[in-house]
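Starting from 1, each residue takes its place in the sequence as its number. None of the values given here were measured: they were computed from a predicted structure.
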Amino acid sequence: PDSTLAVSATVDGDILVWDLVTVKPSPTTLPSSFFTNTNNISNSNNSTNISIDVDSNPERKTLKALRLHNCKINVLSHTVDYLVTGGVDGFVRFFDFQFRLVAWFENFDQGPITSISFSIKPSLKAFDATTAFKAPEFIIGTQNSVIVKAEPEIWDETGASKKGEVLAQYFDGALYGISAHPSLPHLAILTYTGQVVVLDYNLTLPLTSRKFEKLLGFSICYSPNGDFLAVGFTNGTLKIL
């Protein structure tokens, strides 16, 4: 946040840190015969060369690579305070913006992480003054078609509570997108097989669903006011519902 840095993830478990650098090309030299005079007659007898400065352009340059997982990173996201990763190992990890590990969730046991969605309304427990790790509640989707709700404080607990709360596990394919409604207790869920399901996460019941035949799901997102739902597919198709 508030910088020109960008981060991308790799199949090896690394992140690449990028920044903008200004690259100024060398001046381009052209023979004067390239130009014409006001009478549209070529200055072919003048051998003088003319140098032209080319405007500099910013480019992205890799600053460093850091290993954050020992496997492919499927999800790269962030909160106000943290960079968040989800891996094929089923782990979710929180890093500060100096890429130091702050909290880790490694006991879900529901398969590779394919999606992470954060609450826009912080829980009182998560932001209690005595809590060292402060983050929003979040929901993960996995390749095993399971949705799990996690509260941030469980990372420092022991036992079954570290696994989070399973909200649903009846989908027909790997979950490739989850989007929380901005004001209602609804989750929009997209599977790789093209199924869209809207779930009430208080009741853990599906409200509606739709299947897009011959399309493979890739991403899904509510509009800021929650009136529309954008669904993206692997072939570049975008549908607004």
Side-chain angles (χ1 to χ4, degrees), residues 6-13 15-16 69 71-79 83-93 105 108-121 136-150 163-241:
V7 178
S8 60
T10 74
V11 296
D12 297 320
I15 61 164
L16 302 179
H69 288 250
C71 63
K72 178 182 177 182
I73 297 175
N74 276 343
V75 182
L76 190 61
S77 186
H78 68 88
T79 65
L83 176 74
V84 187
T85 59
V88 169
D89 50 15
F91 300 166
V92 174
R93 292 174 174 168
F105 299 80
F108 293 128
D109 297 329
Q110 299 293 351
I113 307 297
T114 54
S115 180
I116 304 174
S117 182
F118 292 95
S119 170
I120 61 173
K121 294 182 179 179
E137 294 178 346
F138 62 96
I139 291 174
I140 64 167
T142 76
Q143 193 168 315
N144 294 351
S145 307
V146 181
I147 295 177
V148 179
K149 176 184 175 183
K163 294 181 178 294
E165 177 189 354
V166 174
L167 296 181
Q169 49 185 342
Y170 44 74
F171 304 97
D172 65 357
L175 305 182
Y176 265 64
I178 298 176
S179 182
H181 193 282
S183 58
L184 298 175
H186 296 171
L187 288 177
I189 299 148
L190 176 66
T191 71
Y192 184 68
T193 56
Q195 182 186 25
V196 175
V197 178
V198 177
L199 175 77
D200 185 314
Y201 55 78
N202 285 340
L203 303 175
T204 64
L205 292 174
L207 301 176
T208 186
S209 67
R210 181 173 176 180
K211 181 69 176 288
F212 292 93
E213 301 294 341
K214 300 180 180 179
L215 290 174
L216 301 178
F218 186 75
S219 62
I220 191 168
C221 187
Y222 272 110
S223 63
N225 61 7
D227 288 344
F228 300 98
L229 194 60
V231 186
F233 301 89
T234 57
N235 66 351
T237 299
L238 178 65
K239 294 185 179 289
I240 307 297
L241 307 179

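- Looking at I139 and L187, their side chains come closer than 4.5 Å, going by heavy atoms from C-beta outward.
- You'll find the ring centres of Y176 and F218 outside the 6.0 Å limit.
- You'll find the side chain of L216 stays beyond 4.5 Å of the side chain of F233, heavy atoms only.
- Checking each of T237, L215, L190 against V231 for a side-chain contact (heavy atoms from CB on, under 4.5 Å) leaves exactly one that passes, namely L190.
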Item to complete: Please lay out, stage by stage, how I147 and Q169 fare under the test side-chain contact (heavy atoms from CB on, under 4.5 Å).
Response: CA-CA 6 Å; I147 295 177; Q169 49 185 342; over 6 Å; no
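- In terms of heavy atoms, T79 sits closest to P136 at CG2-CD, 4.0 Å.
- With hydrogens and angles ignored, the 3.5 Å screen pairs a side-chain donor or acceptor of S223 with a backbone N or O of F228.
- Rounding to the nearest 0.5 Å gives a distance of 6.5 Å between CD1 of I116 and OG of S77.
- Residue-environment remark: CZ (F108) exceeds the threshold of 12 foreign heavy atoms within 6.0 Å.
- A distance-only check finds a donor-acceptor pair linking the side chain of T114 to the backbone of G141 [under 3.5 Å].
- With contacts defined as side-chain heavy-atom distances shorter than 4.5 Å, the pair T10/L16 qualifies.
- A distance of 9.5 Å separates CD1 of I189 from OG of S115, quoted to the nearest 0.5 Å.
- The distance between the ring centers of F105 and F138 falls below 6.0 angstrom.
- In this structure the side chain of R210 never reaches within 4.5 angstrom of the side chain of T208, judged on heavy atoms.
- The two residues L199 and A168 have their closest heavy-atom pair at CD2-CB, 4.2 Å.
- A 4.5 Å side-chain heavy-atom check between T85 and H69 finds at least one atom pair inside the cut-off.
- Counting heavy atoms from C-beta on, the side chains of Q143 and L175 never come closer than 4.5 Å.
- Side-chain atoms of I220 and L229, non-hydrogen and from C-beta on, do get closer than 4.5 Å to each other.
- Closest approach of Y222 and S179 over heavy atoms only: N-OG, 3.0 Å.
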Practice prompt. Dump the intermediate steps for salt bridge (Lys or Arg N to Asp or Glu O under 4.0 Å) on K72 and D12, then the final yes or no.
Written response: CA-CA 5 Å; K72 178 182 177 182; D12 297 320; over 6 Å; no
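- Nearest heavy atoms, A174 versus S145: N-OG, 3.7 Å.
- Summarising the local packing, NE2 of H181 is surrounded by more than 12 heavy atoms from other residues, nucleotides or ligands at distances under 6.0 Å.
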Discussion item. Applying side-chain contact (heavy atoms from CB on, under 4.5 Å) to V146 and F171, what does each step give before you reach the verdict?
Written reply: CA-CA 8 Å; V146 181; F171 304 97; over 6 Å; no
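- For the residue pair T142 / N144, no side-chain donor-acceptor distance below 3.5 Å is found, with atom types taken as modelled.
- The two residues A230 and L238 have their closest heavy-atom pair at CB-CD1, 4.2 Å.
- The two residues F212 and K239 have their closest heavy-atom pair at CE2-CD, 3.2 Å.
- Counting heavy atoms from C-beta outward, L76 and L83 have side chains that approach closer than 4.5 Å.
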